[in-house]
Amino acid sequence: MRSHEMNNSSSRYASEEERGSNSFLIESEEEEEDEEAHPHSSILLKDADSDSDSDDSSCATPRPSSYATHQWPQSYRQSIDIYSSVQSPNLSFLGTPTLSRLSNSFLTNSFRGKTPEILSNLVKPLLRPSSSSDDQQQQQQHDDDTRKSSQYLLPSRKPSLQQIPEDQKPLVPAHEVPAYQQCSYTQAVMNGINVLCGVGILSTPYAIKQGGWLGLVILCLFAVLAWYTGVLLRRCLDSKEGLETYPDIGHAAFGTTGRIAISIILYIELYACCIEYLILESDNLSKLFPNAHLTIGSMTLNSHVFFAILTTLIVMPTTWLRDLSCLSYLSAGGVIASILVVVCLCWVGVVDHVGFENKGTALNLPGIPIAIGLYGYCYSGHGVFPNIYSSLKNRNQFPSILFTCIGLSSILFAGAAVMGYKMFGESTESQFTLNLPENLVVSKVAVWTTVANPITKYALTITPLAMSLEELLPPNQQKYANIIMLRSSLVVSTLLIALSVPFFGLVMALVGSLLTMLVTYILPCACFLAILKRKVTWHQIAACSFIIVVGVCCACVGTYSSLSKIIQNYT
């Protein structure tokens with residue numbers, strides 16, 4: 001069942017005489033109506049305190065997330081929501097000496113305004129109470145006042161079936177639409193484009209250089225297949241109650257192993273994006289300040305190393321923020337930044353008379369594997385699409401939203417690719433900003449825009465991985481100092497890898513070939529067939545089989561070529 005559907009109905013308890021002294025049943029009126037269609041639409045929770053009088057007051061519970069609530073990673077939904085959508089800015093740091101008080105912890109402040117299901121397995125969020133009774137309204141006000149001063153425990157890794165004391169029920173105010181169900185068509189499109197139009201757009205001219213003009217057919221093919229697999233993810237989400245995220249789909253398809261495997265793949269993809277950000281910053285800042293260096297004793301750091309370290313020192317404190325809505329608000333400018341960079345590229349070619357004289361080659365077979373990875377990386381947004389779908393007011397608009405996101409993004413990709421390659425030809429770099437004439441103001445605007453955007457996105461990108469690792473810490477280790485050390489270690493590790501493999505285009509091709517092919521093409525089809533195997537038609541089986549074969553072939557060829565070229569750069 002969907003959380004927003006359940007939150008639109010009031011709930012009531014069944015009496016203990018009918019259900020037994022050790023359990024109570026929370027059941028909504030909507031569930032009663034749909035009981036025959038969804039016989040599993042109620043949750044049985046064991047009562048831990050037989051003396052508790054909480055049954056006498058109205059309360060509510062969220063959707064029974066049978067796949068997400070007690071399975072790692074619990075924080076995926078909320079952290080990806082922060083990553084993919086715009087929130088009101090609220091700047092604050094991890095400023096408590098311990099995370100034992102969740103009301104002041106990183107997790108609570110990060111998820112403010114979102115569903116509180118991650119907060120604790122002992123404290124389960126409840127449906128909002130009915131507003132038809134004055135007594136219920138007074139009780140809700142009392143609960144809200146009490147909750148502000150309550151102390152909570154961190155989420156345990158074992159599910160709790162205890163009944164919740166009345167003073168610990170985090171009630172949602174009546175008549176308030178949850179924050180995760182407020183996206184209009186336009187907002188969803190903007191969120192989708194913001195996810196798709198990342199740093200991948202900078203390498204599209206380089207992809208044409210690698211594969212030739214006919215390589216653009218690969219871009220178009222990937223766009224169509226990405227739309228289709230996105231629709232398949234929607235079918236998977238609608239197939240069972242409680243599915244909201246990509247890991248939930250993996251759980252429904254392949255059990256706990258599938259959930260963990262997909263989560264790890266998604267987190268590695270985000271981690272690789274952070275590495276790309278540091279390489280990008282180093283390359284572009286070195287273009288702006290080629291003579292910059294730092295001498296420490298007998299050791300001299302060149303501009304690339306210096307700016308990589310400097311960027312790391314800048315973004316590291318942002319990963320300590322306990323409320324990332326400020327960065328989420330700023331990173332929404334990613335759409336504007338992508339458009340601005342493409343406009344600057346066009347301006348340099350048309351107004352500043354660089355021209356579009358290069359003809360290029362029609363097909364370059366040896367470079368096709370690298371082009372496959374670069375084009376594939378452009379459509380690495382499927383880890384976020386289920387969250388966007390779950391946040392929609394009107395879910396029937398999702399195929400159209402997906403088509404609009406991918407269509408507009410593809411136009412930007414193709415436009416940047418054609419203009420960049422026509423302008424720079426065989427001298428095209430892995431980021432077209434590196435080819436822009438240094439003496440032009442428009443070039444500096446494009447480069448500084450490229451530099452600024454990843455700084456706002458770095459913390460948002462690394463935070464889902466950091467939160468998932470924090471869940472694995474023992475409760476007595478979930479302290480301020482340990483959280484800071486963990487997040488700082490993740491940031492430093494991305495720096496070390498970025499300095500070890502400073503090849504922006506090749507790293508992007510590797511990520512696009514290996515991870516994006518899995519997340520965007522192979523896994524959606526495999527999950528769809530596994531979940532709906534008894535309902536799929538023969539042409540759906542054929543389409544999914546074709547996409548899986550294409551994805552596997554592209555993954556193998558692209559990964560091998562990318563790794564080979566990376567190794568060649570060391571020899």
Side-chain angles (χ1 to χ4, degrees), residues 63 65-84 106-107 110-111 114-115 117-119 121 154-159 180 195 229-230 232-234 236-237 239-240 242-275 319 324 380-391 459-473 478 483 486-487 489-490 493-494 511-512 514-528 530-531 551 555:
R63 66 221 176 271
S65 185
S66 44
Y67 297 97
T69 302
H70 304 311
Q71 295 286 344
W72 182 89
Q74 297 180 34
S75 59
Y76 185 86
R77 168 68 193 268
Q78 289 82 357
S79 59
I80 294 296
D81 279 347
I82 298 172
Y83 169 68
S84 64
F106 173 85
L107 293 174
S110 295
F111 302 151
K114 295 178 167 37
T115 59
E117 64 182 14
I118 182 66
L119 297 183
N121 291 325
L154 277 169
S156 63
R157 285 173 287 174
K158 296 182 180 179
Y180 51 84
V195 170
T229 55
L232 293 184
L233 289 178
R234 177 209 178 181
C236 293
L237 291 170
S239 65
K240 294 185 178 182
L243 300 184
E244 292 185 340
T245 65
Y246 210 144
D248 293 348
I249 294 173
H251 193 136
F254 306 111
T256 302
T257 301
R259 179 184 183 84
I260 294 176
I262 288 179
S263 299
I264 291 174
I265 293 171
L266 292 170
Y267 287 136
I268 293 176
E269 188 178 39
L270 293 175
Y271 184 80
C273 288
C274 292
I275 296 172
T319 64
L324 296 177
S380 57
H382 280 54
V384 177
F385 287 158
N387 294 62
I388 293 177
Y389 173 66
S390 298
S391 70
L460 296 170
T461 307
I462 200 71
T463 292
L465 172 60
M467 285 186 175
S468 68
L469 295 178
E470 289 159 16
E471 292 179 38
L472 303 178
L473 293 175
Q478 293 172 334
I483 297 298
L486 174 60
R487 288 169 180 255
S489 298
L490 283 175
S493 68
T494 60
V511 174
L514 179 59
L515 300 175
T516 304
M517 289 300 152
L518 283 170
V519 173
T520 303
Y521 302 108
I522 299 174
L523 291 176
C525 295
C527 291
F528 175 75
I531 295 174

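One is the number of the first residue; the rest follow in order along the sequence.
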Peer 1: For the pair L469 and L490, evaluate side-chain contact (heavy atoms from CB on, under 4.5 Å) and give the outcome as yes or no after the intermediate values.
Peer 2: CA-CA 10 Å; L469 295 178; L490 283 175; 4.1 Å; yes

Peer 1: Is a side-chain donor or acceptor of E471 paired with a backbone partner of Q74 at a separation under 3.5 angstrom?
Peer 2: yes

Peer 1: Would you give the length of the straight line joining atom NE2 of H251 to atom CD1 of I531, rounded to the nearest 0.5 angstrom?
Peer 2: 10.5 Å

Peer 1: Measure the CG-SG distance between L515 and C273 for me, rounded to the nearest 0.5 Å.
Peer 2: 9.0 Å

Peer 1: Just do the side-chain contact (heavy atoms from CB on, under 4.5 Å) check on I462 and R487 with the steps written out, would you?
Peer 2: CA-CA 8 Å; I462 200 71; R487 288 169 180 255; 6.0 Å; no

Peer 1: Quick one: closest heavy-atom pair of Y246 and G383, and the distance?
Peer 2: CD1-CA, 3.8 Å

Peer 1: I'd like to know if the side chain of S390 reaches the main chain of N387, judged simply by a donor and an acceptor atom lying under 3.5 Å from each other, with no hydrogens or angles considered.
Peer 2: no

Peer 1: What residues, two or more places apart in sequence or in another chain, satisfy side-chain hydrogen bond (donor to acceptor under 3.5 Å, both in side chains) together with T520?
Peer 2: none

Peer 1: For C274, is there any backbone N or O sitting under 3.5 Å from a side-chain donor or acceptor partner on T461?
Peer 2: no

Peer 1: Checking the side chain of E470 only, and the main-chain atoms of Q478 only, is there a donor and an acceptor separated by less than 3.5 Å?
Peer 2: no

Peer 1: If I compare all heavy atoms of G551 with all of I522, which pair ends up nearest, and what's the gap?
Peer 2: C-CD1, 3.6 Å

Peer 1: Evaluate the side-chain proximity of F528 to T229: yes if any heavy-atom separation is below 4.5 Å, no if none is.
Peer 2: no

Peer 1: Could you walk me through whether Y389 and L237 pass the side-chain contact (heavy atoms from CB on, under 4.5 Å) test, one step at a time?
Peer 2: CA-CA 9 Å; Y389 173 66; L237 291 170; 3.3 Å; yes

Peer 1: Which value, rounded to the nearest 0.5 Å, describes the distance between Y521 atom OH and H382 atom NE2?
Peer 2: 7.0 Å

Peer 1: For Y76 versus T245, what's the shortest heavy-atom pair and its separation?
Peer 2: CD2-CB, 3.7 Å

Peer 1: What is the minimum heavy-atom distance between F254 and A526, and which atoms define it?
Peer 2: CZ-O, 3.8 Å

Peer 1: So do I80 and L270 actually touch side chain to side chain, heavy atoms under 4.5 Å?
Peer 2: yes

Peer 1: Which atom pair, heavy atoms only, marks the closest approach of S75 to S79?
Peer 2: O-OG, 2.8 Å

Peer 1: Pairs of donor and acceptor atoms involving the side chains of residues 260-269, under 3.5 Å and at least two apart or interchain, shall be tabulated with distances.
Peer 2:
residue	atom	partner	partner atom	Å
S263	OG	R259	O	2.7
E269	OE2	T516	OG1	3.4

Peer 1: Looking at CG of L523 and CG of L232, how far apart are the two atoms once the value is rounded to the nearest 0.5 Å?
Peer 2: 12.0 Å

Peer 1: Apply side-chain contact (heavy atoms from CB on, under 4.5 Å) to residues I483 and L473 and explain how you reach the verdict.
Peer 2: CA-CA 9 Å; I483 297 298; L473 293 175; 4.2 Å; yes

Peer 1: Taking all heavy atoms of S468 and all of W72, pick out the closest pair and write down the distance.
Peer 2: O-NE1, 2.8 Å

